[in-house]
Student: 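I am attaching a structure below and will ask some questions about it afterwards.
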Amino acid sequence: MLQVAFIRENKDLVIERLAKRNVDASQMINDVITFDDDRKRLQTELDKTLAESNTLSKEIGNLYKSGEVEKANLLKEKTGQLKDTSKELTENLGSTTEALKELLYKIPNVPHDSVPRGNSDLDNEEVFKAGDIPTLHHGALPHWELAKKYDIIDFELGNKITGAGFPVYKGKGARLQRALIAYFLDKNTAAGYTEYQLPLLVNEASGFGTGQLPDKEGQMYHVTEDDLYLIPTAEVPGTNIFRDVVLSESELPVGITGYTPCFRREAGSYGAHVRGLNRLHQFDKVEIIRVEHPSKSYQALDGMVNHIKDILKALKLPYRILRLCGGDTSFASALTYDFEVFSTAQDRWLEISSVSNFETFQANRLKLRFKNSDGKNELAHTLNGSALALPRVLAGILENYQTEDGIVIPELLQPYTGFKIIN
RNA sequence: GGAGAAAUGGCAGAGUGGUCGAAUGCGGCAGUCUUGAAAACUGUUGAGGGUCACACCUCCGGGGGUUCGAAUCCCUCUUUCUCCGCCA
């Protein structure tokens with residue numbers, strides 16, 4: 001959620017930048033300012049009424065004490081009128097504030113200067129590419145065929161137990177998955193992130209804090225009996241650690257990492273691109289989250305990008321980094337880099353990480369602040385990224401490391417798996 | 001799930017209808033003293049709205065009510081604690 005003060009002071013910039021998302025925000029921005037003007041006017045009127053009422057109440061108290069009951073009763077009539085006025089003003093103020101808030105919820109974050117204008121993933125900008133695309137033997141298979149051939153992931157069994165998009169990992173497949181989780185967590189903690197184990201269900205306030213609610217509830221599984229939501233990413237419980245928190249400046253930066261399963265309804269997804277591990281309702285992910293001083297958040301974003309590069313380099317996977325265009329950047333993000341691994345047997349790029357700087361957009365909702373050097377509370381910047389999302393990394397490993405003899409486990413994972421080949 | 005108790009500032013903890021945004025202690029910050037530090041002493045120290053700045057308004061777990069006036073009384077929800085039950 002953008003701050004009204006920021007919108008007021010940077011009206012033209014906000015409109016111009018939101019155009020990168022193909023959003024014409026001029027009407028909304030003008031409405032925000034109008035609503036806020038109304039809000040201020042009503043607040044001032046209400047304050048005046050309440051001030052008068054407070055003064056009278058004190059007088060009435062004094063009059064009672066000195067036994068001047070008649071005078072007191074006279075004043076009571078007056079306060080009765082003030083009460084009606086203040087009630088009306090309170091209602092108007094409430095509806096105006098509500099309208100303002102609802103409007104603010106609809107306005108996406110202002111993209112960073114470097115974000116290219118664009119409509120879809122076709123307009124994303126490739127900023128980095130590394131790793132060699134292997135030449136596979138004749139008859140190389142996509143990962144879902146490999147999964148069946150070596151009996152390491154059973155999609156049909158998942159269908160039976162739950163439904164589509166809930167695969168069952170078996171034997172060496174399960175072990176490889178666990179190895180990857182452990183490896184990622186080790187890399188992240190070595191880079192200074194503190195490991196957390198987080199709840200997999202969150203309440204409404206948390207969903208709201210990171211922006212899944214009120215608009216995107218269709219993406220989350222909702223346990224209506226208890227009014228809880230299954231997390232779509234560890235970002236939700238992880239970032240909500242800092243809801244309603246005031247940090248001291250010396251506590252910054254904060255870095256946390258956590259492994260969680262993620263649950264996504266993915267309503268409306270279908271087709272060849274969702275085959276196998278490409279798109280699931282339940283998948284595993286290791287997330288990194290940072291809280292940063294506003295002056296250092298972009299430096300931190302670069303740091304996160306480099307950290308993920310290191311991991312992919314160590315895994316020797318071919319990958320590229322995209323700077324997302326305005327139209328493809330998520331609602332709350334100011335700047336997002338996507339990491340994609342090349343899935344050789346499918347001959348396509350698969351997104352395995354998304355790293356974003358939200359600036360104050362989330363912090364404003366969360367009321368996540370720090371006490372700055374002037375002793376004032378100031379909104380912090382939040383960032384997060386996947387390091388990494390499991391299924392597509394797994395797909396990439398299975399497909400890129402396949403040989404005629406089996407799937408060779410990347411060397412640095414072997415201590416975690418306890419085996420060198422799946423065959 | 002049943003019975004009872006509680007929720008106040010960073011923390012502890014007073015406050016049971018007006019003079020309470022709230023005693024006191026601890027902690028934090030600034031100063032005095034000291035070569036420096038500790039101790040001691042003095043001052044200061046919640047958040048949001050509003051204003052050029054003041055004034056002023058709101059907030060004592062959330063919501064609603066009674067009253068001229070609520071931290072204080074009533075209703076309700078949530079959470080915590082104790083006891084019982086169930087249980088990995």
Side-chain angles (χ1 to χ4, degrees), chain A residues 1-9 32-101 103-104 197-209 213-214 223-229 237 240-252 254 261 291 360 362-380:
Chain A
M1 183 166 63
L2 295 174
Q3 298 164 87
V4 178
F6 178 82
I7 291 175
R8 278 182 179 279
E9 283 160 31
V32 164
I33 293 171
T34 308
F35 278 134
D36 194 49
D37 285 339
D38 285 350
R39 197 207 94 239
K40 282 188 187 179
R41 182 177 51 76
L42 288 166
Q43 183 75 61
T44 308
E45 270 181 64
L46 176 63
D47 285 357
K48 269 190 201 158
T49 311
L50 290 174
E52 202 176 328
S53 175
N54 286 344
T55 313
L56 286 177
S57 288
K58 273 180 195 163
E59 273 181 48
I60 290 169
N62 288 332
L63 288 173
Y64 272 125
K65 262 183 203 162
S66 56
E68 297 169 85
V69 179
E70 270 180 44
K71 277 190 185 172
N73 286 337
L74 223 71
L75 288 184
K76 271 197 195 177
E77 277 176 37
K78 226 175 174 180
T79 55
Q81 288 166 19
L82 289 174
K83 226 178 171 181
D84 291 342
T85 311
S86 71
K87 197 177 170 188
E88 199 185 313
L89 285 169
T90 304
E91 276 167 17
N92 289 341
L93 180 64
S95 57
T96 304
T97 308
E98 198 52 42
L100 174 61
K101 242 175 28 180
L103 188 56
L104 285 172
Q197 288 202 5
L198 296 159
L200 307 182
L201 281 84
V202 294
N203 57 28
E204 203 177 325
S206 292
F208 176 82
L213 300 174
V223 182
T224 51
E225 180 81 16
D226 298 292
D227 201 16
L228 296 171
Y229 295 87
N240 272 282
I241 291 171
F242 303 101
R243 173 152 47 87
D244 295 317
V245 165
V246 181
L247 297 163
S248 65
E249 198 166 355
S250 61
E251 286 175 280
L252 297 175
V254 179
V291 181
T360 59
Q362 285 184 330
N364 191 32
R365 280 194 170 200
L366 292 163
K367 294 201 176 68
L368 162 55
R369 293 159 296 175
F370 68 98
K371 212 165 265 303
N372 67 22
S373 43
D374 298 330
K376 289 253 171 18
N377 287 340
E378 185 178 336
L379 292 174

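Proteins get letters first, then strands, A, B, ... in listed order; numbering begins at 1 in each.
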Student: Using both distances under 3.5 Å as the test, list the Watson-Crick or G-U wobble partner of B/C52, or none.
Tutor: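 Matched B/C52 with nothing under the 3.5 Å cut-off.
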Student: Which base sits across from B/A39 as a Watson-Crick or G-U pair, both distances under 3.5 Å?
Tutor: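 No nucleotide pairs with B/A39.
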Student: What contact category does A/N73 fall into here, base, sugar-phosphate, or nothing, at under 4.0 angstrom with non-hydrogen atoms?
Tutor: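 The residue A/N73 makes no contact with any strand.
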Student: Tell me the interatomic distance from A/N364, atom CG, to B/G48, atom P, rounded to whole angstroms.
Tutor: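 Rounded to the whole Å, the gap is 12 Å.
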Student: In Watson-Crick or G-U wobble terms, both distances under 3.5 Å, what is the partner of B/G1?
Tutor: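 Checking every strand shown, B/G1 finds its partner in B/C84, with both distances under 3.5 Å.
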Student: How far, in whole Å, is B/C29 from B/A6 if one measures between their P atoms?
Tutor: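 The answer is 37 Å between these two P atoms.
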Student: Pick the C1' atom in B/G10 and in B/C81, then give their distance to the nearest Å.
Tutor: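 The answer is 22 Å between these two C1' atoms.
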Student: In whole Å, what is the span from the CG atom of A/L379 to the C1' atom of B/A47?
Tutor: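 Roughly 14 Å, once rounded to whole Å.
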Student: Determine the Euclidean distance between corresponding P atoms of B/U24 and B/C20; express it in Å to zero decimal places.
Tutor: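 The answer is 12 Å between these two P atoms.
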Student: Looking at B/A47, which nucleotide sits across from it as a Watson-Crick or G-U wobble partner, both distances under 3.5 angstrom, or is there none?
Tutor: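 For B/A47, the partner nucleotide comes out as B/U58, under the 3.5 Å rule.
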Student: Check the surroundings of atom CD in A/E251: do more than 12 heavy atoms from other residues, nucleotides or ligands lie under 6.0 Å from it?
Tutor: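 More than 12 heavy atoms, drawn from other residues, nucleotides or ligands, come within 6.0 Å of this atom.
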Student: Looking just at side-chain N and O atoms, do A/N372 and A/E378 make a donor-acceptor pair shorter than 3.5 Å?
Tutor: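 Present: a donor and an acceptor within the cut-off.
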Student: Is a side-chain donor-acceptor pair under 3.5 Å present for A/Q43 with A/D47?
Tutor: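 Yes, because at least one side-chain N or O of A/D47 sits under 3.5 Å from a partner of the opposite role on A/Q43.
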Student: How far, in whole Å, is B/G21 from B/U8 if one measures between their C1' atoms?
Tutor: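 The same atom, C1', in both gives a distance of 11 Å.
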Student: Applying a 3.5 Å limit to both distances, which nucleotide forms a Watson-Crick or G-U wobble pair with B/A12?
Tutor: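 B/A12 is paired with B/U24.
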Student: For A/L75 and B/G18, what is the distance between atoms CG and P respectively, to the nearest whole Å?
Tutor: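 Computing the A/L75:CG to B/G18:P distance gives 19 Å.
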Student: Considering only the P atoms, how many Å lie between B/U58 and B/A70, rounded to the nearest integer?
Tutor: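 Straight-line distance between the two P atoms is 9 Å.
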Student: Going by purine N1 to pyrimidine N3 plus the second Watson-Crick contact, or the G-U wobble pair, all under 3.5 Å, which nucleotide sits opposite B/G17?
Tutor: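 Base-paired to nothing in any strand shown.
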Student: How many Å lie between CG on A/N377 and P on B/G49, as a whole number?
Tutor: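 Distance check: A/N377 CG to B/G49 P gives 10 Å.
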Student: Is there a side-chain contact between A/K376 and the phosphate of B/G48, meaning an N or O under 4.0 Å from OP1 or OP2?
Tutor: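 No, A/K376 has no side-chain N/O under 4.0 Å of OP1/OP2 on B/G48.
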Student: Between B/C60 and B/G46, how far is it from one C1' atom to the other, in whole Å?
Tutor: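 Per the computed distance, 12 Å lies between those C1' atoms.
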Student: Are there over 12 heavy-atom neighbours, none belonging to A/E204, within less than 6.0 Å of that residue's CD?
Tutor: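 Not more than 12 within 6.0 Å, no.
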Student: Whole angstroms only, please: what is the CG-C1' distance between A/L368 and B/A47?
Tutor: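 One finds 16 Å between C1' of B/A47 and CG of A/L368, rounded.
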Student: Indicate for each nucleotide in nucleotides 68-74 of chain B, in 5' to 3' sequence, whether protein heavy atoms under 4.0 Å reach the base (B), only the sugar-phosphate (S), or nothing (-).
Tutor: BS-----
Student: So what does A/R369 touch, heavy atoms closer than 4.0 Å: a base, only the sugar-phosphate, or nothing?
Tutor: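 Contact class for A/R369: sugar-phosphate only.
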Student: For a quick check, with a 4.0 angstrom heavy-atom cut-off, what is the B/S/- contact string for nucleotides 50-65 of chain B, read 5' to 3'?
Tutor: S-----SSS-------
Student: Using 0.5 Å steps for rounding, measure from the CG atom of A/N92 to the OG1 atom of A/T96.
Tutor: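 Nearest 0.5 Å value for the CG-OG1 distance: 6.0 Å.
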Student: Can you tell me the base-pairing partner of B/A7? Count Watson-Crick or G-U wobble geometry only, both distances below 3.5 Å, and say none if there is no partner.
Tutor: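 Paired with B/U78.
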Student: About how many Å separate CZ of A/R369 and CG of A/L379, when rounded to the nearest 0.5 Å?
Tutor: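 If I round to the nearest 0.5 Å, the distance is 7.5 Å.
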Student: What is the pairing partner of B/U72, taking Watson-Crick or G-U wobble pairs with both distances under 3.5 Å in any strand?
Tutor: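 Across all strands, not a single nucleotide pairs with B/U72.
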Student: Is any NZ, NE, NH1 or NH2 atom of the basic residue among A/R39 and A/D36 found under 4.0 Å from an Asp or Glu carboxylate oxygen of the other?
Tutor: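 A/D36 and A/R39: salt-bridged.
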Student: If you look at every strand shown and take non-hydrogen atoms under 4.0 Å, does A/K371 touch a base, only sugar-phosphate, or nothing?
Tutor: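 Sugar-phosphate, no base atom in range.
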Student: Taking the same atom, C1', in B/G65 and in B/U72, what whole-Å distance lies between them?
Tutor: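 Each nucleotide's C1' atom is 15 Å from the other's.
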Student: What's the gap between B/G9 and B/C77 when it is taken at their P atoms, as a whole Å value?
Tutor: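 Between the two P atoms, the distance is 24 Å.
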Student: Hey, could you give me the OH/OG1 distance between A/Y229 and A/T224, rounded to the nearest 0.5 Å?
Tutor: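 Spacing of OH (A/Y229) from OG1 (A/T224) equals 9.5 Å.
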Student: Side chains of A/S206 and A/N203: donor-acceptor distance under 3.5 Å anywhere?
Tutor: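 There is such a pair between these side chains.
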Student: Could you measure the distance from the CD1 atom of A/I33 to the CZ atom of A/R8? Nearest 0.5 Å is fine.
Tutor: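 The CD1 atom of A/I33 sits 6.0 Å away from the CZ atom of A/R8.
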Student: From CD of A/E251 over to P of B/G10, roughly how many Å is that when rounded to an integer?
Tutor: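 Between P of B/G10 and CD of A/E251: 14 Å.
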Student: Between OG1 of A/T85 and CD of A/E52, what distance do you get to the nearest 0.5 Å?
Tutor: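 A/T85 OG1 to A/E52 CD: 9.0 Å, rounded to 0.5 Å.
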